[in-house]
Amino acid sequence: MASSSDCASSHCSRVFITYEPSLAGNVVFLALFAVLIPLTLALGIKYKSSVFATTVSTGLALEVVGYVGRVLLSNNPTYRSDFVLFLVGTILGPTLICSAVFLIMPQIVSVYGEEYRSWRRAWYSFLFYALTAISLALELAGGLISTIQDSPEEIDTGVYVLIAGLAIQLIALLVFVGHAVLFAIAIHTRHHMLDTKFAGIYNSASFKTFLFALSLATVLLIIRTAYRTVVIAEGYGSSIAQSEILLLILDGLMILVATLLLLVFFPGRILRESRSQASTRSFPKTPLRPIRPAPYELPSTRNSPTFNRMTVKPPAVNYSPRKFQHQVPPHSPPQRSMVDSEALW
């Protein structure tokens, strides 16, 4: 390990880590993240999921940059530029992978039906995209300020900004989980109303396994984000920040396993059939109303060619109470009273 006198003061005026990083461990993570980049792009091209694949690949590329910084730090732990590469790469990379996870939920909703969602799709997209953009900006600014500056006030400002960015990312993940829970409750309570046309999709073993893998990947991302938030809050010189084992397990391994789950159960492959079928599904914008029969209209004789208003006259009837009382229809049978008088006596 090189001593602090081997580098210029502009690069080594601050000591961020007090140990020599493991060359073998960091090279392994560097190689694994690098290998996953072309694999992700190939899956995106094959299953026409370019946005998802590009987002994940960018996050993996940043992870590679971060572990390049770790490998360089194994030769000189006090070199500031290498630490900046490590910090910025391993902070921003997982944020983009989280944003890729947010892209999956609308596709899952479309399988079951838009009527089961807890939010409008426009609100969902605006909220999570805005939180991701704000988190990226704060993390980048906070990471640079807290490592490049030497003034204690500026360092504290950078640390607070970085903590705010990580906290927003953690909040976005928790809101995502809450949205998924509400959606699952709606499906569970109204499962008898699901369209049987798509039963082959949401009842398939591959789709259920995909949902489990997505849930596990989200939990791993939450654990990693919570860990990095605590590390930054405790300070670069804290015992938790100086533990390389915790870093490799709670950061590198969590991101690696979460990414592998997303690639093994690639959303474009699992949801390929559902997207084609769900795209033909249409829902009325207003609720359906019961069909009421139209009132029956008697056919009009006014349009008949033989109809003449002047020739149609009502029959003249001379009404007399006495005649009406004794008048009996010629063909009607004799009427009997409701009570037979002979039967009474």
Side-chain angles (χ1 to χ4, degrees), residues 1-23 25-27 29-30 33 59 62-96 98 134-171 221-256:
M1 180 178 70
S3 63
S4 59
S5 60
D6 295 336
C7 57
S9 59
S10 60
H11 298 292
C12 305
S13 57
R14 292 175 57 195
V15 177
F16 296 97
I17 57 177
T18 58
Y19 62 92
E20 182 178 353
S22 171
L23 178 61
N26 290 286
V27 167
F29 278 101
L30 171 62
F33 284 126
L62 288 171
E63 286 285 345
V64 170
V65 172
Y67 279 91
V68 166
R70 295 282 301 178
V71 171
L72 295 175
L73 285 172
S74 63
N75 295 324
N76 190 355
T78 60
Y79 205 73
R80 183 191 302 223
S81 299
D82 297 341
F83 184 82
V84 172
L85 287 179
F86 151 68
L87 182 66
V88 173
T90 57
I91 289 290
L92 298 183
T95 303
L96 289 175
C98 291
I134 295 173
S135 177
L136 285 171
L138 293 178
E139 288 171 355
L140 179 60
L144 293 177
I145 295 174
S146 63
T147 53
I148 294 177
Q149 301 298 327
D150 293 325
S151 172
E153 293 79 9
E154 294 177 345
I155 293 174
D156 292 340
T157 301
V159 169
Y160 293 148
V161 172
L162 181 55
I163 293 174
L166 289 170
I168 291 175
Q169 180 186 351
L170 184 60
I171 291 173
L221 292 173
I222 291 175
I223 293 174
R224 175 265 163 195
T225 306
Y227 162 74
R228 291 306 291 266
T229 304
V230 173
V231 168
I232 301 301
E234 291 292 328
Y236 296 126
S238 62
S239 59
I240 188 174
Q242 297 298 322
S243 176
E244 185 178 25
I245 296 178
L246 289 178
L247 175 69
L248 295 180
I249 293 176
L250 296 180
D251 188 281
L253 186 60
M254 296 295 106
I255 298 301
L256 179 63

Can you check whether [Y]'s main-chain N or O pairs, donor with acceptor, with [X]'s side chain at less than 3.5 Å?
X	Y	answer
Ser146	Ile155	no
Ser74	Val71	yes
Glu63	Ile91	no

Rounded to the nearest 0.5 Å, what separation is found between the [atom1] atom of [X] and the [atom2] atom of [Y]?
X	Y	atom1	atom2	value
Thr147	Leu162	OG1	CG	9.0 Å
Glu244	Ile249	CD	CD1	10.5 Å
Leu246	Leu253	CG	CG	12.0 Å
Tyr67	Leu248	OH	CG	5.5 Å
Asp82	Leu87	CG	CG	12.5 Å
Gln149	Leu144	CD	CG	9.5 Å

Is it true that, when you exclude Tyr227 itself, more than 12 heavy atoms of the residues, nucleotides or ligands shown sit nearer than 6.0 Å to its OH?
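Above 12, so yes.
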Do Ser151 and Glu153 have side-chain N/O donor and acceptor atoms under 3.5 Å apart?
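Yes, side-chain donor-acceptor contact under 3.5 Å.
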Could you go through the side chain to side chain contact (heavy atoms under 4.5 Å, CB included) check for Thr78 and Ile17 one step at a time?
CA-CA 7 Å; Thr78 60; Ile17 57 177; over 6 Å; no
Mind checking whether [X] and [Y] have side chains closer than 4.5 Å, heavy atoms only?
X	Y	value
Leu96	Leu62	yes
Phe86	Leu247	yes
Leu140	Leu92	yes

Where is the tightest heavy-atom contact between [X] and [Y], given as atom of each residue plus distance?
X	Y	result
Ala226	Leu170	N-CD1, 4.3 Å
Pro21	Leu73	CD-O, 3.5 Å
Ser135	Gly165	OG-O, 2.9 Å
Gln242	Tyr236	NE2-O, 2.6 Å

Would you mind listing every salt bridge (Lys or Arg N to Asp or Glu O under 4.0 Å) that reaches into residues 135-144, with sequence neighbours excluded?
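Listed by first then second residue: nothing to list.
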Pairs of donor and acceptor atoms involving the side chains of residues 228-235, under 3.5 Å and at least two apart or interchain, shall be tabulated with distances.
residue: Arg228; atom: NH1; partner: Thr90; partner atom: OG1; Å: 3.3
residue: Arg228; atom: NH1; partner: Asp251; partner atom: OD2; Å: 2.7
residue: Thr229; atom: OG1; partner: Thr225; partner atom: O; Å: 2.7

Does the plane of the ring in Phe16 sit parallel, tilted or perpendicular to the ring in Phe83? Use 30° and 60° as the thresholds.
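Because their plane-to-plane angle is under 30°, the rings of Phe16 and Phe83 count as parallel.
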Show your reasoning for whether side chain to side chain contact (heavy atoms under 4.5 Å, CB included) applies to Val27 and Leu23.
CA-CA 6 Å; Val27 167; Leu23 178 61; 3.8 Å; yes
Using side chain to side chain contact (heavy atoms under 4.5 Å, CB included), reason through Phe29 and Ile255 one step at a time and then give a plain yes or no.
CA-CA 10 Å; Phe29 278 101; Ile255 298 301; over 6 Å; no
